[in-house]
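Read through the structure below, which is laid out as structure tokens, and then see the notes.
First the proteins, then the strands, lettered A, B, ... as listed; each starts at 1.
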Amino acid sequence: MGKSAVAWSRWSSLDLDWHPSEAVFNETLSGGQAFRWRNEGDYWEGVWASYSVRLRLTIKGVEWSAPKPSNHSRLAALKRYLSADIDFNEITDALPWRSDSNLEQALKQWSGLRILRQPFGETLLCFLCSSTKRIEQISEICERMAVSHGELIAGGRHRLPTWDEIYEAGESALRGTGMGYRARYIWQTSAFLKTHSGWLEEVESLQYEHAKSRLVELPGVGEKIADCVLLFGAGKLEAFPVDTWILKTMAKLYDLEGWKPHQVAHFGRAHFGRFAGYAQQVLFTEMRRREG
DNA sequence: TGACAGGGGGTGT
DNA sequence: ACACCCCCTGTC
């Protein structure tokens with residue numbers, strides 16, 4: 001049965017105070033927080049957990065559609081995914097933009113950008129695939145992993161495999177999805193999780209510093225990936241992921257030439273405070289817009 | 001057009 | 001510092 005056979009609900013507006021520009025809307029869905037959104041012309045189609053949803057931006061605001069039969073819990077899940085409980089205007093205001101013109105300009109440019117709240121376990125899985133990869137490549141790996149090892153869900157797409165399914169697939173099958181050396185880390189992580197029931201749930205519930213120190217114990221998870229997982233998959237807005245791009249950007253903007261990633265991360269959290277991750281995301285996005 | 005070297009949004013040794 | 005696996009890029 002093809003995708004065309006699936007019926008989708010009519011478009012309805014989201015019960016969410018979000019009025020992004022097109023650039024901000026696109027950036028939120030495909031700017032490197034999540035890897036399973038596809039642009040289908042006038043709408044985006046995304047998958048997380050066992051949900052498939054379409055979103056589009058109209059003059060009236062953001063609208064959504066889901067495979068029939070739709071139900072209320074899907075909307076609740078979508079709102080959680082979009083961090084509906086977080087007021088990003090409030091967060092913006094709490095950042096030190098009054099004394100930081102770089103930040104002020106980036107915040108103005110990307111006003112309305114949201115930090116997603118994705119399922120913790122699959123955020124970990126996606127970011128384990130991310131080292132030395134570009135966004136498009138990470139998306140392709142995740143898609144192949146879903147098609148090969150994750151179930152078909154309503155709407156015609158596949159969800160990502162669960163950690164149990166990763167374990168059952170085995171390392172060599174994972175390599176078949178083009179993830180290369182990352183397959184070993186991912187399989188080893190699945191084996192760890194198999195023998196540590198409840199580990200993910202516990203780590204997600206911990207405070208930032210504690211959660212991070214636990215995450216970096218996993219094979220293939222260093223500081224950067226741990227911070228991404230906590231920022232985009234656990235709502236820890238103080239997490240400040242430092243990759244080579246943000247390292248260059250921070251060096252340039254804040255005169256931190258020669259600083260190590262760990263030092264820049266420390267600087268970021270000290271300078272931007274408890275919502276450092278949001279500052280990181282807008283600065284990163286603004287830098288990327290300028291560079292190309 | 002094809003072959004080939006170089007290197008990537010990171011981590012582990 | 002360097003390998004790791006894959007794949008994309010620039011270059012000849």
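Comparing A:Gly32 and A:Gly220 by the nucleotide of DNA chain B whose heavy atom lies nearest to each, the residue mapping closer to the 5' end is A:Gly32.
Side-chain atoms of A:Glu286 and A:Trp110 form a donor-acceptor pair, as typed in the model, at a separation below 3.5 Å. A:Glu151 and A:His158 share no donor-acceptor pair across their side chains, judged by distance under 3.5 Å alone. For the 3.5 Å distance criterion, the side chains of A:Arg182 and A:Thr132 qualify, holding a donor opposite an acceptor.
Across all strands shown, A:Arg182 has heavy atoms under 4.0 Å from base atoms, whether or not it also approaches the sugar-phosphate.
Taking a cutoff of 4.0 Å between a charged side-chain nitrogen and a carboxylate oxygen, A:Arg98 and A:Glu104 do not qualify as a salt bridge.
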Under 3.5 Å, side-chain donor or acceptor atoms of residues 253-261 of chain A against the rest of the protein: list the pairs with distances, not counting sequence neighbours.
residue: A:Tyr254; atom: OH; partner: A:Asp100; partner atom: OD1; Å: 3.3
residue: A:Tyr254; atom: OH; partner: A:Asp100; partner atom: OD2; Å: 2.7

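Helical stems of DNA chain C (runs of at least 3 Watson-Crick or G-U pairs, donor-acceptor distances under 3.5 Å) are listed by first residue: B:2-8 with C:6-12, B:10-13 with C:1-4.
Rounded to an integer number of Å, the gap from CZ of A:Arg175 to P of C:dC7 is 12 Å.
For A:Arg288 against B:dG9, a side-chain-to-base donor-acceptor contact under 3.5 Å is present.
A cation-pi contact, defined as under 6.0 Å to the ring centre and within 45° of the axis, links A:Arg54 to A:Trp8.
Applying a 4.0 Å cut-off to non-hydrogen atoms, the residues of residues 125-137 of chain A that approach DNA chain B are A:Ser131, A:Thr132, A:Lys133, A:Arg134, A:Ile135, listed by residue number.
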